[in-house]
Amino acid sequence: QVQVMESGGGLVQAGGSLRLSCAASGTLFTINVMAWYLQVPGKQRELVASISSSGSTNYLDSVKGRFTISRDNDKSTVYLQMNSLKPEDTAVYYCNVRGLAQGFEYDTWGQGTQVTVSS
């Protein structure tokens, strides 16, 4: 069983930066993919960025060049560095972690952290 907790959200002016963190914890688990999703009211959750165990990354087109996803395997933590923030980045950001725990596949979501970008 794996649990995750996000932090780092908040209110920032356009052009500013935030760094989101997501720490995973559990027993006898490995992490294959860590990812960040965003969700705005009335819309489906959308992938922002992901990073695999090999370090391969994928990004939503609208954040390429502005956001960077990284992971610290020793700390079981994934980060999302968000630069040059825009009002349209405003959303709840969710951490998603997938892998194996005691031989079974898991897919765990955090509770979400609010990011608000003002004009």
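Not measured: the values here are computed from a predicted model.
- Side-chain atoms of Y59 and D61, non-hydrogen and from C-beta on, never get closer than 4.5 Å to each other.
- Between the CZ atom of F67 and the CG atom of L80 there is a distance of 6.0 Å, given to the nearest 0.5 Å.
- Look at K86 and D89 and you find no salt bridge, because none of the NZ, NE, NH1 or NH2 atoms lies under 4.0 Å from a carboxylate O.
- Within the 4.5 Å cutoff, the side chain of F29 has no heavy atoms near those of the Q1 side chain.
- Nearest heavy-atom pair, G8 versus L18, reported as atom, atom and distance to 0.1 Å: O-CD2, 3.8 Å.
- In this structure, the side chains of I51 and V33 stay at 4.5 Å or more apart for every pair of heavy atoms.
- Residues A91 and V40 come closest through the heavy atom pair CB-CG1, 3.7 Å.
- Using a distance-only test at 3.5 Å, with no hydrogens or angles considered, no donor-acceptor pair links the side chain of T90 to the main chain of E88.
- No side-chain heavy atom of Q44 sits under 4.5 Å from any side-chain heavy atom of Y37.
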Would E46 and L60 satisfy side chain to side chain contact (heavy atoms under 4.5 Å, CB included), going step by step from the backbone distance to the final call?
CA-CA 9 Å; E46 182 177 25; L60 183 68; 3.4 Å; yes
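- Looking only at side-chain heavy atoms (C-beta outward), I31 and R98 stay at 4.5 Å or farther from each other.
- For the pairing with V48, the side-chain contact (heavy atoms from CB on, under 4.5 Å) check across V63, N58, L20 returns one residue only, V63.
- In terms of heavy atoms, V4 sits closest to G110 at CG2-N, 3.2 Å.
- A cation-pi arrangement is present between R19 and Y79 under the rule of less than 6.0 angstrom and at most 45 degrees off the ring axis.
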List the steps, then state whether side chain to side chain contact (heavy atoms under 4.5 Å, CB included) holds for Y106 with V97.
CA-CA 8 Å; Y106 68 87; V97 181; 3.5 Å; yes
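- Interatomic distance, OG of S118 versus CG of L85, reported as 10.0 Å (0.5 Å rounding).
- No path of Ile, Leu, Val, Met, Phe, Trp and Tyr side chains, each step under 4.5 Å between heavy atoms, connects V92 with V115, placing them in separate hydrophobic clusters.
- W36 and M5 are assigned to two separate hydrophobic clusters, defined by single-linkage of ILVMFWY side chains at heavy-atom distances under 4.5 Å.
- For the pair E6 (side chain) and G112 (backbone), a donor-acceptor distance under 3.5 Å is present.
- The backbone N or O of S52 sits less than 3.5 Å from a side-chain atom of R71, completing a donor-acceptor pair.
- By the neighbour-count criterion of 12 heavy atoms within 6.0 Å, atom CD of Q111 is densely surrounded, having more than that number from other residues, nucleotides or ligands.
- In this structure, CD1 in I69 is found 8.0 Å from OG1 in T57, a value given to the nearest 0.5 Å.
- For the atom pair CD (Q3) and OG1 (T27), the distance works out to 9.5 Å, reported to the nearest 0.5 Å.
- For the pair V2 and A101, the tightest heavy-atom approach, listed with the atom from each and the gap, is CG2-CB, 4.1 Å.
- Once rounded to the nearest 0.5 Å, the distance linking CD of Q39 with OH of Y94 reads 5.0 Å.
- Judged purely by atom type and a 3.5 angstrom limit, N96 uses its side chain to pair as donor or acceptor with the backbone of T108.
- Looking only at side-chain heavy atoms (C-beta outward), T77 and C22 stay at 4.5 Å or farther from each other.
- Once rounded to the nearest 0.5 Å, the distance linking OG of S17 with CZ of R66 reads 10.0 Å.
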